[in-house]
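One-based numbering, in listed order, for ligands and for the atoms of each. Sequential numbering from 1 along the given sequence is applied to the chain's residues. Scope of the values below: all heavy atoms of this structure, side chains included, with no hydrogens, waters or symmetry mates.
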Amino acid sequence: MKYLEEMIEREGRVLSGEILKVDKFINHCIDVDLFDKMGKAFHETFKDRGVTKILTLEVSGIGIAVMAGYHFKVPVVFAKKTVSKTLGSDVYRSSVYSFTKGVTYDIMVSRDFLCEDDRVLLIDDFLANGKALEGMIDIVKQADAQVVGIGIAIEKAFQAGGENIRKQGYDIRSLAVIDHFEDGKVVFASGD
Ligand code: 5GP
C-alpha cells in the first residue's frame with residue numbers, strides 16, 4: 001500500500017536491533033485516516049472468506065483491527081496480556097515471545113468470545129519472527145475455530161515469521177513489506 005509506505009518513509013525511524021519506530025502514526029499516535037485505509041484494504045482482500053470475527057493482540061493491534069471490524073461488520077476480539085478479575089479463568093491461553101521486549105508472556109482470550117463456528121481473521125501491526133501470530137493461531141485452534149486470513153500492516157521480510165507461517169498454509173496480506181534496512185533507511189520489497 002503506497003500510502004503506508006510513504007508514511008513509513010516520511011515518519012518512520014529505524015532503531016538499532018532491526019526495529020522500526022512508527023509511534024507517529026501507528027504505535028503511540030494513531031493516524032485515523034491511515035487506519036481506515038488499512039481496514040478497507042483488509043476487507044477488500046478477505047471479504048469473500050466468510051469472516052465472523054477478527055482477533056488481534058493488545059495493545060497495538062487493536063486500532064487496526066477495529067477499523068477492519070468496522071468494514072467487515074464483525075466483532076473484534078483482542079487477546080489480553082494481563083490477568084484481571086474481570087477476565088475470569090475460563091480462557092484459551094498461549095505463550096508468546098516478544099521480539100521487541102525480549103520476554104515471554106501469556107496471551108488469553110475468554111472462551112465466551114471464540115467458538116468452533118468462527119472463521120477468524122487475524123490482524124497485527126507488525127510481522128517479524130511470527131511469534132505473536134503463532135500464539136493467536138494456537139488460541140484459534142484451541143477454540144476449534146478456523147483462521148481464514150491474516151492481515152498485517154508492516155511485515156519485515158528479513159525476519160523468518162512470514163515465510164514460516166505461509167509455509168503452514170496461511171494466507172497473509174501485508175500492506176507494507178520491508179526487504180531490509182540500509183543506512184537507517186527502509187528498503188521495501190517490490191509489490192503491493
Ligand atoms: P513477532 O511476534 O512477529 O516476532 O513480532 C510481532 C510483534 O512484535 C508485533 O505485535 C509488534 O508489536 C512487535 N514488533 C515486531 N517488530 C517490530 C518493529 O520493528 N517495530 C515495532 N514498533 N514493533 C515491532
Contact list for residues 124-169, test ring pair (Phe, Tyr, Trp, His ring centres under 6.0 Å), sequence neighbours left out: Phe158-Phe181
Using 0.5 Å steps for rounding, measure from the [atom1] atom of [X] to the [atom2] atom of [Y].
X: Lys47; Y: Arg49; atom1: NZ; atom2: CZ; result: 11.0 Å
X: Met38; Y: Leu175; atom1: CE; atom2: CG; result: 7.0 Å
X: Ile154; Y: Ile64; atom1: CD1; atom2: CD1; result: 8.0 Å
X: His43; Y: His71; atom1: NE2; atom2: NE2; result: 8.5 Å

Nearest-contact summary for atom 14 (N) of ligand 1 - protein heavy atom, Å: Thr100 CG2, 3.5 Å
Protein heavy-atom partner closest to atom 20 (N) of ligand 1 - residue, atom, separation in Å: Leu20 O, 2.8 Å
Passing option when Leu34 is tested against Val32, Asp36, Asp31 for side-chain contact (heavy atoms from CB on, under 4.5 Å): Asp31
Atoms in ligand 1 flagged as close to Ala132, the criterion being non-hydrogen separation under 4.0 Å: 2 (O)
Would you check whether [X] reaches within less than 4.0 Å of ligand 1, judged by its heavy atoms?
X: Gly130; answer: yes
X: Asp124; answer: yes
X: Lys156; answer: yes

Exam field: side chain Thr52 to backbone Arg119, donor-acceptor pair closer than 3.5 Å: yes
Donor-acceptor contact below 3.5 Å, side chain Lys156 vs main chain Glu18: yes
Do [X] and ligand 1 have an N or O pair less than 3.5 Å apart?
X: Phe126; value: no
X: Asp125; value: yes
X: Asn129; value: yes
X: Leu127; value: no
X: Leu133; value: no
X: Lys21; value: no

Selected option - heavy-atom contact closest to atom 22 (N) of ligand 1, from Asp23, Asn27, Leu15: Asn27
Residues that Glu116 engages under salt bridge (charged side-chain N to carboxylate O under 4.0 Å, His left out), provided they are two or more places apart: none
Region of Ala128 that comes within reach of ligand 1 [heavy atoms, distance under 4.0 Å]: both
